[in-house]
Each structure stands twice: as C-alpha cells, then as structure tokens.
Amino acid sequence: MAIIVNLDVMMAKRKMSLNELSEKVDLTLANLSILKTGKAKAIRFSTLESICNALDCQPGDLLEFVKE
C-alpha cells in the first residue's frame with residue numbers, strides 16, 4: 001500500500017505503550033494494532049484527531065505517502 005502508518009514511530013518518540021494509547025483514545029487494542037501494523041484500510045477523522053491529540057502530533061507525523 002502506498003500509505004504508510006508511522007504510529008509505532010510516534011509512540012516510541014512519546015514513550016507511550018499501545019495499552020496507554022488505547023486508554024487515552026478509547027479504542028480497543030485490536031483496532032490500534034491493526035492501524036499500527038498497517039493493515040487498516042481506512043481511519044475515521046475523529047480517530048485520527050484523538051490519536052494526534054494523545055500523541056501531540058500532526059496527521060502528517062502518522063501518515064506517509066510512498067510511490068509504489
């Protein structure tokens with residue numbers, strides 16, 4: 001897929017675990033794991049907003065476009 005999700009990178013920079021992020025954004029570990037591993041096909045803007053708020057980052061810090 002041409003869109004790369006850098007959620008793990010931002011979590012590492014903020015020293016935040018998946019469990020902690022899950023509690024802050026009120027998402028299940030399973031859904032966050034799917035997003036983190038790049039297996040997600042879509043993300044709601046409200047979810048993206050919650051993650052950006054919890055990690056104090058911009059959407060562009062989490063999503064990257066790479067030409068195939």
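Every heavy atom of this structure was used, including side-chain atoms; hydrogens, water molecules and symmetry mates were not.
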- Task: State, to 0.1 Å, how close T28 and N31 come at their nearest heavy-atom pair, and which atoms those are.
- Result: OG1-N, 3.1 Å

- Message: Minimum heavy-atom separation for L32 and L18, please, with both atom names.
- Response: CB-CD1, 3.8 Å

- Note on the structure: On a heavy-atom basis, the closest approach of K24 and M16 is NZ-CE, 3.8 Å

- Message: Could you check whether atom CZ of F65 has more than 12 heavy atoms from other residues, nucleotides or ligands sitting under 6.0 Å from it?
- Response: yes

- When rounded to the nearest 0.5 angstrom, what distance separates CG in L7 from CG in L62? 6.0 Å

Sequence neighbours left out, cut at 3.5 Å: what donor-acceptor pairs do the side chains of residues 33-40 make with other protein atoms?
unit_1	atom_1	unit_2	atom_2	d
T37	OG1	S33	O	2.9
T37	OG1	I34	O	3.2

- Mind checking whether L63 and V5 have side chains closer than 4.5 Å, heavy atoms only? yes

- Task: Just do the side chain to side chain donor-acceptor pair (under 3.5 Å) check on N19 and S22 with the steps written out, would you?
- Result: CA-CA 5 Å; N19 286 332; S22 173; over 6 Å; no

- Give a yes or no answer on whether the side chain of D61 reaches the backbone of Q58 with a donor-acceptor pair at less than 3.5 Å. yes

- Query: Can you find a heavy atom in the side chain of M11 that is under 4.5 Å from one in the side chain of V9?
  - Reply: no

Cut-off 3.5 Å, no hydrogens considered: what does the side-chain donor-acceptor table look like for residues 48-57, sequence neighbours left out?
unit_1	atom_1	unit_2	atom_2	d
S50	OG	S46	O	3.1

